[in-house]
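Below: the structure, in structure tokens.
Keep in mind that this is a model prediction, so the values were computed, not measured. Scope of the values below: all heavy atoms of this structure, side chains included, with no hydrogens, waters or symmetry mates.
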Amino acid sequence: MYSAITGWGMAVPEKILTNADLERIVDTSDDWIVSRTGIRERHVAAPDETASTLAIRAAQEALACAHLAPTDLDMIILGTVTGDYSFPATACLVQDALGATCPAFDIQAACTGWIYGTVMAHQFVITGAARHVLVIGVEVLSKITDMRDRGTCVLFGDGAGATVVSATETPGGVLGWTLGADGARPEQLYRKAGGSKYPITRDNLDSHDPYIHMMGSEVFKFATRTMGTAMEEALAKAGLTAHDIDLFIPHQANLRNIEAASKR
């Protein structure tokens, strides 16, 4: 049995925050943002928009694309670090809203959430444990971004993407993958307060600890190094070379990261 993506969908908030808008909020400029990140605008959630509302819309679009009903799903895997609640899982909220009856759970792998979820879905499908798995990646990072920090507020927006991973007897589908992790330096990109180590208090609210903190140059060096290695490993597992690839879709974080990985 093989696994293949049979449906896909997406959802973004209607509100758009442009670089010109940010110029009025923080000390930055359109030229500075575009030259360093390639970003000109980002979608930002309204007060009543959450991870689940965006995920539901993306999931409905993916199911329609795959010509499936919610009751056809055997599992829902949702990757996010900005779920509606600490618990229950946002995937469970999506399951209920869709009218599905399958197991549903969240994974927290930040930028790699959808990749981790897809690899997990692939495993369930090729072993025969599931026939159709809905994988969702969703973030509402605007709600944990410090709009006074120009190093992060220019980067992050909100949105959801969903795919259906299905069983097929046709050779192909997911050909190769690689996963990795490095927990040695959490302070390079993390949300310090809000977990069990640093519960939210009045003091750390005033110090902005519940917002995203990032050491940009360190993240850049790590990302460009590991992206290249991961691509080489995935290609090797698939029995392919870079010359065989017609389209490469990177994680959209920063134009310089993408260009450096492309050169690699």
Side-chain angles (χ1 to χ4, degrees), residues 1-12 54-80 89-92 94-95 97-107 109 111-139 159-181 226-252 258 261-262 264:
M1 191 63 66
Y2 301 90
S3 69
I5 292 175
T6 57
W8 46 89
M10 53 83 71
V12 292
L54 293 171
I56 291 163
R57 286 167 48 197
Q60 290 170 332
E61 195 171 287
L63 287 170
C65 180
H67 304 292
L68 294 174
T71 51
D72 293 323
L73 293 173
D74 299 304
M75 184 173 295
I76 298 173
I77 304 172
L78 186 147
T80 189
T90 300
C92 294
V94 174
Q95 178 232 45
L98 293 176
T101 57
C102 59
F105 60 94
D106 288 358
I107 56 174
C111 299
T112 55
W114 182 82
I115 296 292
Y116 266 79
T118 299
V119 171
M120 293 174 70
H122 170 68
Q123 304 299 325
F124 278 104
V125 167
I126 64 172
T127 59
R131 186 159 184 83
H132 301 293
V133 181
L134 176 65
V135 182
I136 305 169
V138 57
E139 296 297 353
T163 48
V164 177
V165 179
S166 300
T168 176
E169 295 181 356
T170 302
V174 176
L175 302 179
W177 54 268
T178 186
L179 297 176
T226 55
M227 280 180 70
T229 301
M231 286 187 286
E232 291 169 349
E233 292 176 358
L235 285 168
K237 290 180 180 179
L240 300 171
T241 71
H243 297 293
D244 298 314
I245 302 303
D246 298 304
L247 179 64
F248 167 54
I249 306 176
H251 166 55
Q252 187 274 306
I258 295 170
S262 297
R264 166 71 181 271

Would you confirm whether Q95, through its side chain, and C102, through its main-chain N or O, come within 3.5 Å as a donor-acceptor pair? yes
Looking only at heavy atoms, which two atoms of G9 and A62 are closest? And how far apart? N-CB, 3.7 Å
Any idea which heavy atoms bring A167 and V125 closest together, and the distance? CA-CG1, 3.4 Å
Residue pair G99 / T71: nearest heavy atoms and the distance that separates them: O-CG2, 3.8 Å
State the CE-OG1 distance between M231 and T226, to the nearest 0.5 angstrom. 9.0 Å
Going by heavy atoms in the side chains, are V135 and I5 under 4.5 Å from each other? no
Which heavy atom in A162 sits nearest to a heavy atom in L134, and how many Å separate them? CB-CD1, 4.2 Å
T101 side, atom OG1; I76 side, atom CD1 - distance, nearest 0.5 Å: 9.0 Å
Beyond-backbone contact of I126 with V174, side-chain heavy atoms, under 4.5 angstrom: no
Quick one: does L63's side chain get under 4.5 Å of L98's, heavy atoms only? yes
Please give me the minimum heavy-atom distance between D74 and R131, naming the atom from each residue. OD2-N, 2.7 Å
Side-chain heavy-atom pair Q123, W177 within 4.5 angstrom cut-off: yes
Do Y116 and I77 have side-chain heavy atoms sitting under 4.5 Å apart? no
Which pair of heavy atoms, one from L78 and one from A91, lies closest together, and at what distance? CB-CB, 3.8 Å
Could you measure the distance from the CE atom of M1 to the OG1 atom of T170? Nearest 0.5 Å is fine. 10.0 Å
Which residues pass the side chain to side chain donor-acceptor pair (under 3.5 Å) test with S262, not counting sequence neighbours? none
Sidechain-backbone polar pair: D106 side chain, A89 backbone, donor-acceptor under 3.5 Å: no
Pairwise side-chain contact, L175 with K237, heavy-atom cut-off 4.5 Å (strictly under): no
Does CZ belonging to F124 count more than 12 external heavy atoms closer than 6.0 Å? no
Does the T178 side chain pair with the main chain of A230, one donor and one acceptor, at a distance under 3.5 Å? no
Quick check for you: to the nearest 0.5 Å, what is the distance between H132 atom NE2 and M75 atom CE? 13.5 Å
